[in-house]
Amino acid sequence: MSPHLDAVRVERVWSSGGVVRIAACTRELMVACPDCRCESARVHSRYSRTLADVAAGGRPVLISLAVRRLFCDSADCGRRTFAEQVEGLTVRYQRRSPLLQHLVEMAGVLLAGRGGARLLRILKTPLSRTSVLFQLMRMGLPAVTTPRVLGVDDFALYADVYGTLLVNADTRLPIELWAGRDAEQLASWLRGHPGVEVVCRDGSLVYRQGIAQGAPDAVQVSDRFHLWQGLSKRVSDVAAAHRGCLAAAVLEPEPAPPPSDEPCEAADTPALRHAKRLFETVQGYTGTARSLSAIARELGLNRRTVAKYARAACWRECVRRTPPRRSTSLDPYLEYLRQRWEEGEHTATVLHQEIAAKGYGGHYQRVKMAYHAATPRSADRHTARTATIAPPGRPVDHHHRRSAACTPPRHSIGCLNIARSSTKPTLW
């Protein structure tokens with residue numbers, strides 16, 4: 001069995017419900033009182049303790065240990081009875097063996113709450129993350145040793161309230177923490193911990209004074225962050241001082257190529273012809289001394305529209321370019337849908353069921369959108385939406401009316417057409 005069970009007498013070992021159970025009792029030996037260290041073997045009573053131990057063979061282990069409560073026969077001791085403890089197996093008020101407790105603590109130190117709980121679950125010691133963190137917080141802090149290289153820095157608690165942090169630069173572990181940035185407090189700590197050879201600090205004069213008073217023989221160095229910060233500030237100051245010399249070092253930009261005199265492409269749609277006419281009209285005004293606002297008022301256009309056509313070198317630059325259509329999962333079935341439509345099947349649900357039987361894995365909504373885009377009713381609704389109705393008391397924007405009239409419908413019937421601002425295909 002395990003070495004820590006050598007100090008007890010094992011009476012029975014059995015397996016029940018996937019758990020290895022061990023029944024044991026203590027040996028009849030003299031036990032020292034924890035207060036006066038006087039040995040005693042006079043039994044007051046007996047009771048049973050249940051301890052969890054490390055898993056054996058992939059199964060949890062529970063130890064049922066019968067222990068004694070003994071009398072303390074010393075007249076000078078204030079304790080009348082005490083419970084015996086088995087070295088290496090029991091600890092006062094502890095329900096885990098020291099070996100299992102060390103395993104739980106190391107899991108908490110290395111992996112914290114959630115990770116430690118997952119590891120212990122694999123090791124057949126199920127614990128919640130809060131239990132792992134609780135055991136971690138119960139651990140005592142390691143003894144503070146004087147570091148060879150000490151790091152000193154301040155940090156902001158809130159607003160203008162600061163604190164001081166001491167770090168062991170070799171192990172990167174915090175050593176001390178206190179409120180305020182006081183040179184005398186730092187000097188007092190250094191005098192109480194002799195042996196510091198190097199102190200890494202920022203550019204604070206307060207820390208410089210405290211280190212000089214508490215450890216005058218220590219070498220003071222700047223940390224990496226403040227070293228780079230000081231270097232970058234110095235480079236910035238040098239560049240600012242020689243700002244006038246930078247203009248002479250910049251190369252002259254290459255002259256822009258002259259505008260091309262080649263004619264633009266022909267306008268073959270109403271929208272393109274309208275853009276070309278508007279471009280020629282605005283360009284005819286740009287040679288005059290009139291402002292863009294005056295031109296916009298005369299033409300009944302927005303000033304931004306006039307500015308766009310005035311800056312353009314060709315009317316093609318003012319036309320909104322249609323983005324290329326992206327392929328969809330419905331594309332392989334468009335020919336079949338067009339054929340079924342010509343045969344008289346105009347129900348989107350039936351069409352979706354038919355192409356689904358052929359392997360279409362898309363949603364019914366995509367077929368429905370393509371169906372509605374191909375119906376004359378959807379084209380009529382689009383034409384109705386593009387009509388311009390001026391509210392009462394407000395003049396009609398003739399440019400907007402002309403633009404709406406020249407804009408081609410979003411969907412056409414009789415050919416495969418793609419919506420201008422949509423990637424959904426239509427049946428034709």
>> One thing to verify: whether Arg46 and Glu28 come together as a salt bridge, which I'm taking to mean a side-chain N less than 4.0 angstrom from a carboxylate O.
In response: yes
> Do the charged groups of Arg191 and Glu184 touch, with an N to O distance under 4.0 Å?
Replying inline: yes
More than 12 heavy atoms of other residues, nucleotides or ligands under 6.0 Å from [atom1] of [X]: is that the case?
X      : atom1 : value
Met30  : CE    : yes
Lys124 : NZ    : no
Arg27  : CZ    : yes
Asp76  : CG    : no
Phe134 : CZ    : no
Arg49  : CZ    : yes

So [Y] and [X], do their side chains get closer than 4.5 Å, heavy atoms only?
X      : Y      : result
Ser64  : Arg21  : no
Val8   : Ile63  : no
Ile211 : Leu150 : no
Cys72  : Cys36  : yes
Val31  : Thr26  : no

Nearest 0.5 Å, please: how far is [atom2] in [Y] from [atom1] in [X]?
X      : Y      : atom1 : atom2 : answer
Phe82  : Arg68  : CZ    : CZ    : 8.5 Å
Arg340 : Thr347 : CZ    : OG1   : 9.5 Å
Gln185 : Trp178 : CD    : CH2   : 5.0 Å
Ser222 : Asp202 : OG    : CG    : 8.0 Å
Leu231 : Ser236 : CG    : OG    : 11.0 Å
Glu39  : Leu29  : CD    : CG    : 10.0 Å

> Going by the side-chain hydrogen bond (donor to acceptor under 3.5 Å, both in side chains) test, which pairs reach into residues 100-119, not counting sequence neighbours?
Replying inline: Arg96-Gln101, Gln101-Glu105, Gln101-Gln135
State, to 0.1 Å, how close [X] and [Y] come at their nearest heavy-atom pair, and which atoms those are.
X      : Y      : value
Ala310 : Leu292 : CB-CD2, 4.2 Å
Ser97  : Val54  : OG-N, 4.5 Å
Ala218 : Val199 : CB-CG2, 4.0 Å

Will you find, in the side chains of [X] and [Y], an N or O donor that is under 3.5 Å from an N or O acceptor?
X      : Y      : value
Gln85  : Arg92  : no
Ser45  : Arg69  : no
Ser128 : Thr130 : yes

>> Is there a side-chain contact (heavy atoms from CB on, under 4.5 Å) between Thr164 and Asp182? Walk through the geometry before answering.
In response: CA-CA 8 Å; Thr164 299; Asp182 189 8; over 6 Å; no
> Going through the distances and angles, do Arg311 and Glu317 end up as a salt bridge (Lys or Arg N to Asp or Glu O under 4.0 Å)?
Replying inline: CA-CA 10 Å; Arg311 289 193 303 264; Glu317 299 179 8; over 6 Å; no
> Could you walk me through whether Leu51 and Asp53 pass the side-chain contact (heavy atoms from CB on, under 4.5 Å) check?
Replying inline: CA-CA 6 Å; Leu51 303 171; Asp53 200 6; over 6 Å; no
>> Could you walk me through whether Val367 and Tyr360 satisfy the side-chain contact (heavy atoms from CB on, under 4.5 Å) test, starting with their C-alpha distance in whole Å, then the side-chain angles of each, then the deciding distance to 0.1 Å, before giving a yes or no?
In response: CA-CA 10 Å; Val367 181; Tyr360 173 67; 4.0 Å; yes
> Looking only at atom types and distance, does a side-chain atom of Ser204 sit under 3.5 Å from a main-chain N or O of Val206, one as donor and one as acceptor?
Replying inline: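 Such a contact is found between Ser204 side chain and Val206 backbone.
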> Once the angle between the rings of His44 and Phe71 is folded into 0 to 90°, is it parallel (under 30°), tilted (30 to 60°) or perpendicular (over 60°)?
Replying inline: perpendicular
> Would Arg201 and Gln220 satisfy side chain to side chain donor-acceptor pair (under 3.5 Å), going step by step from the backbone distance to the final call?
Replying inline: CA-CA 7 Å; Arg201 62 173 181 85; Gln220 301 186 32; 2.6 Å; yes
>> Walk me through whether Ile355 and Leu351 qualify under side-chain contact (heavy atoms from CB on, under 4.5 Å).
In response: CA-CA 6 Å; Ile355 62 175; Leu351 294 175; 5.8 Å; no
> Within 45 degrees of the axis of the six-membered ring of Tyr336 and under 6.0 Å from its centre: does Lys358 put its NZ or CZ there?
Replying inline: yes
